[in-house]
Number of protein chains: 2
Amino acid sequence: MTATPPPRVTIKDVAARAGVSKGAVSLAFNRKPGLSEATRDRIFRAARELGWAPSSTARTLAGSRVDVVGLAVCRPARLLGLEPFYMEFISGVESVLVERSCSLLLRLVRGQDEEVGLMESWWRGRQIGGSILVDFRADDPRPAVAGRLGLPAVAVGHPSLTGGLTSVWTDDATAVTEAVRYLAALGHRRIARVGGAAALGHTSIRTAAFDEAVRALEPAARAWQVATDFSGDAGARATRSLLTAAPPERPTAIVYDNDIMAVAGLSVAAEMGLRVPEDVSLLAWDDSQLCRLTHPTLSAMSHDVHGFGADVARTLFGVITGEGPGSHPVPTPVLTPRGSTAPPKV
Amino acid sequence: MTATPPPRVTIKDVAARAGVSKGAVSLAFNRKPGLSEATRDRIFRAARELGWAPSSTARTLAGSRVDVVGLAVCRPARLLGLEPFYMEFISGVESVLVERSCSLLLRLVRGQDEEVGLMESWWRGRQIGGSILVDFRADDPRPAVAGRLGLPAVAVGHPSLTGGLTSVWTDDATAVTEAVRYLAALGHRRIARVGGAAALGHTSIRTAAFDEAVRALEPAARAWQVATDFSGDAGARATRSLLTAAPPERPTAIVYDNDIMAVAGLSVAAEMGLRVPEDVSLLAWDDSQLCRLTHPTLSAMSHDVHGFGADVARTLFGVITGEGPGSHPVPTPVLTPRGSTAPPKV
DNA sequence: AATAGAGACTTTACCGGTTTAGCAAGGGCT
DNA sequence: AGCCCTTGCTAAACCGGTAAAGTCTCTATT
């Protein structure tokens, strides 16, 4: 991969122009002591005049900071494109990286092995200074790998899943419980949940919490749960199979693990001639803009995904600068009622 | 940004283990002539045993290739998250980068000035070996900047917009024309288009093509066009204003510039008590999975966004390796009829 | 037999920074 | 006056590679 070399101005040019040595320029730009005010000023002026900024490549090689953070996402491209979650999350991460003039190295991987290998080579090759780890599973290998390598990482997921890594997480259990209670308060007693990928840790957490929350209702209450792959198609299939039963055997409310599946569910209900929310209530999760674009609008468990990403990035900087492991909960999603939920009419 | 240093194995270790000099290892790993088969093998074996791979940072500094390509995207986070287009595009780009063990440096910027500055600093700092430029506007400054810097770049957009840069583009004009002809063939004579951001070059192209296509129909045909910001909200507003008029003054078909706005349009129609497709036909653009999740399903101008991204990446590699400027059209979107289009009943 | 040339490596000089050791000048203290 | 600290800065080594020039050994040529 070669190309026209860019016109280069290096630290040497700056040093020459300021009449000092390379070392002095380096000291100035790293705000280290040992330079007089006057010299420092002269150096900065020279740099400004030459339009120079230290090369992050050279800096990295010389063994100081690495101003790139890594993120590997492991979901099929087709789903990713559709999931409003990730782009918003990434944009949140970016928003704080930019402040620190850091960049995000993004890679879509096909499996955890690939991700682990990538982390290792990124870290050993000093390509990244730290990493964001998402989509935790039970017995996830990544905390061990990060530990072994000494790779600064923050895990996006409940502490019970992230094996001692610093974690940033939403309280899914509480959120699920709130969702169930809300539907119960509306009068629903037959509640279903169309969950995400079963292998994912947060899915298990939600599944357990959902079970428990429904069980805590009166004995007559009934629960269904289906696992999917987060795709709209899967959401549609799950909804179809839940709604085919005759009324007493049919849920009157369905909670979805993301927005896409809820949208799909809405369309399945229409296709089956069921009215939303009269015949069946639907509750989405994440609350992207999509929820306000359907008819009826979708009630949803709503959270600030952008802010979530920003928190994750800030936490990562903490880890990189040596903070010990910690657990950082972000605000629990809150219920945002819209047009797709109502008391059951059946 | 400091942290526990990774346990490092360098080219020197590999050289020692293989009993050769650093130079030999470098020759082997760059597939350059001057080594015997036997030595080459010994070197690779040693590297494998030590788990070594050349540090891309050091390589970059030493003045050879830079194995990172840059992409700056300039749209508000809120929209980006929702646009299935970008993530799918990125995943297509990635798919090609991975083969060449290249990485993608992604940055969300707020304006073109910021983007231009970013490109300049990325390139001068040798952070990237080339760049993908998207969202061209009329009189876009980026071709000039890329030219001045000698930055290898590929422009995603019609050659008329990309000022001599190598471009990869979809033939929007033909696609729009096909969309209009299809609707006309169904019997529509009052056709509207809810377009994207007016400042964007491809929006202008579609707008002009739409006008012309409708004018080419019989004189009685009528056209409406509205510009938006690509958001679902804007799409909903535009649709609402188009559909409030009484039948003779109301379009019987609406073409949207992306999927999100079409989904929003669908819900507006429902909210206004209009049936789709009986009272109004809706045609989406891009054809993400979303189009199959609504009820009725959305007819759409469909293209392979993932493949598009892959083409762009491949083209960029061409530019980086010195290919002269060129124009690379990708397949024109094709009409995929579904449930949201039909002959007008009014 | 002398010479040239090719093949297989090694040496060495960078790339653009950081960092440590060292040094000269000035000030305070005894 | 002599000694020890600071302060402010420079010189040189180093990070992990690449690339050009140099060395050595063989074989082919004249």
Side-chain angles (χ1 to χ4, degrees), chain A residues 1-3 5-43 46-47 50-67 121-127 129, chain B residues 1-2 5-43 46-47 50-67 101 121-127 129:
Chain A
M1 193 151 157
T2 339
R8 351 190 48 173
V9 27
T10 76
I11 196 173
K12 219 184 290 180
D13 306 315
V14 177
R17 181 170 247 263
V20 297
S21 68
K22 299 199 305 173
V25 177
S26 178
L27 291 187
F29 267 77
N30 291 297
R31 330 194 158 288
K32 297 214 172 153
L35 288 184
S36 67
E37 269 309 309
T39 311
R40 206 174 283 273
D41 285 353
R42 229 167 350 114
I43 291 174
L50 263 44
W52 178 81
S55 143
S56 82
T57 310
R59 274 188 158 171
T60 300
L61 187 58
S64 57
R65 97 237 75 247
V66 178
D67 50 7
S121 81
W122 272 354
W123 175 239
R124 308 221 314 189
R126 284 188 167 283
Q127 302 238 72
Chain B
M1 198 152 156
T2 341
R8 351 189 47 172
V9 26
T10 76
I11 196 173
K12 220 185 288 179
D13 305 316
V14 177
R17 181 170 247 260
V20 296
S21 68
K22 301 198 305 174
V25 178
S26 178
L27 290 188
F29 267 77
N30 291 297
R31 329 196 158 287
K32 298 213 172 155
L35 289 184
S36 68
E37 267 312 308
T39 311
R40 207 173 282 273
D41 286 353
R42 222 158 6 102
I43 292 173
L50 263 44
W52 178 82
S55 144
S56 81
T57 310
R59 273 186 159 172
T60 300
L61 188 57
S64 56
R65 98 236 75 247
V66 178
D67 49 8
S101 26
S121 82
W122 272 354
W123 175 240
R124 308 221 315 190
R126 284 188 166 282
Q127 300 237 70

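Throughout, protein chains are lettered first and strands after them, A, B, ... in sequence-line order, and every chain is numbered starting at 1.
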Q: If the condition is side-chain hydrogen bond (donor to acceptor under 3.5 Å, both in side chains), which residues does A:Ser36 pass it with, not counting sequence neighbours?
A: A:Thr39
Q: Which heavy atom of B:Phe29 sits nearest to which heavy atom of B:Pro54, and what is that distance?
A: CD2-CD, 3.8 Å
Q: Over all strands shown, is A:Thr39 touching base, sugar-phosphate only, or nothing at heavy-atom distances under 4.0 angstrom?
A: sugar-phosphate
Q: Take the C1' atoms of the five end pairs on each side of the helix from C:dA1-D:dT30 to C:dT30-D:dA1, get both axes, and report the angle to 10 degrees.
A: 60°
Q: Please tabulate the protein-to-nucleotide N/O contacts below 3.5 Å involving nucleotides 24-28 of chain D, giving atom names and distances.
A:
none

Q: Compile the donor-acceptor pairs under 3.5 Å between side chains in residues 55-62 of chain A and protein atoms, sequence neighbours left out, one pair per line.
A:
unit_1, atom_1, unit_2, atom_2, d
A:Ser55, OG, A:Thr57, N, 3.3
A:Ser55, OG, A:Ala58, N, 3.0
A:Ser56, OG, B:Gln127, OE1, 2.8
A:Arg59, NH2, A:Asn30, OD1, 3.2
A:Thr60, OG1, A:Ser56, O, 2.7

Q: According to side chain to side chain donor-acceptor pair (under 3.5 Å), does anything in residues 12-24 of chain B pair up with another residue at least two apart or in another chain? List the pairs.
A: B:Arg17-B:Glu49
Q: Just the atom pairs and distances: protein N or O near nucleotides 12-15 of chain D's N or O, under 3.5 Å.
A:
unit_1, atom_1, unit_2, atom_2, d
D:dC15, O2, A:Leu61, O, 3.3
D:dC15, O2, A:Ala62, N, 3.4

Q: Under a 4.0 Å heavy-atom cut-off, which of residues 24-31 of chain A touch DNA chain D?
A: A:Ala24
Q: Let me see the working for B:Asp67 and B:Ser101 under side chain to side chain contact (heavy atoms under 4.5 Å, CB included), right down to the final yes or no.
A: CA-CA 7 Å; B:Asp67 49 8; B:Ser101 26; over 6 Å; no
Q: Reading DNA chain C from 5' to 3', where do the contacts with chain A start and stop? Cut-off is 4.0 Å to heavy atoms.
A: C:dC15 to C:dT19
Q: Between D:dG17 atom C1' and A:Arg59 atom CZ, what is the distance in whole Å?
A: 20 Å
Q: Set out, in order, the CA-CA distance, both residues' side-chain angles and the distance that settles side chain to side chain contact (heavy atoms under 4.5 Å, CB included) for A:Val25 and A:Trp52, then state yes or no.
A: CA-CA 11 Å; A:Val25 177; A:Trp52 178 81; 4.0 Å; yes
Q: For a quick test of reading the model, state the closest non-hydrogen atom pair linking A:Arg126 to A:Val66 and the distance between them.
A: O-CG1, 3.7 Å
Q: Regarding A:Ser36, tell me which of base, sugar-phosphate or nothing describes its non-hydrogen contacts under 4.0 Å with the strands shown.
A: sugar-phosphate
Q: Mind checking what makes side chain to side chain contact (heavy atoms under 4.5 Å, CB included) contact with A:Leu35, not counting sequence neighbours?
A: A:Ala24, A:Leu27, A:Ala28, A:Arg40, A:Ile43
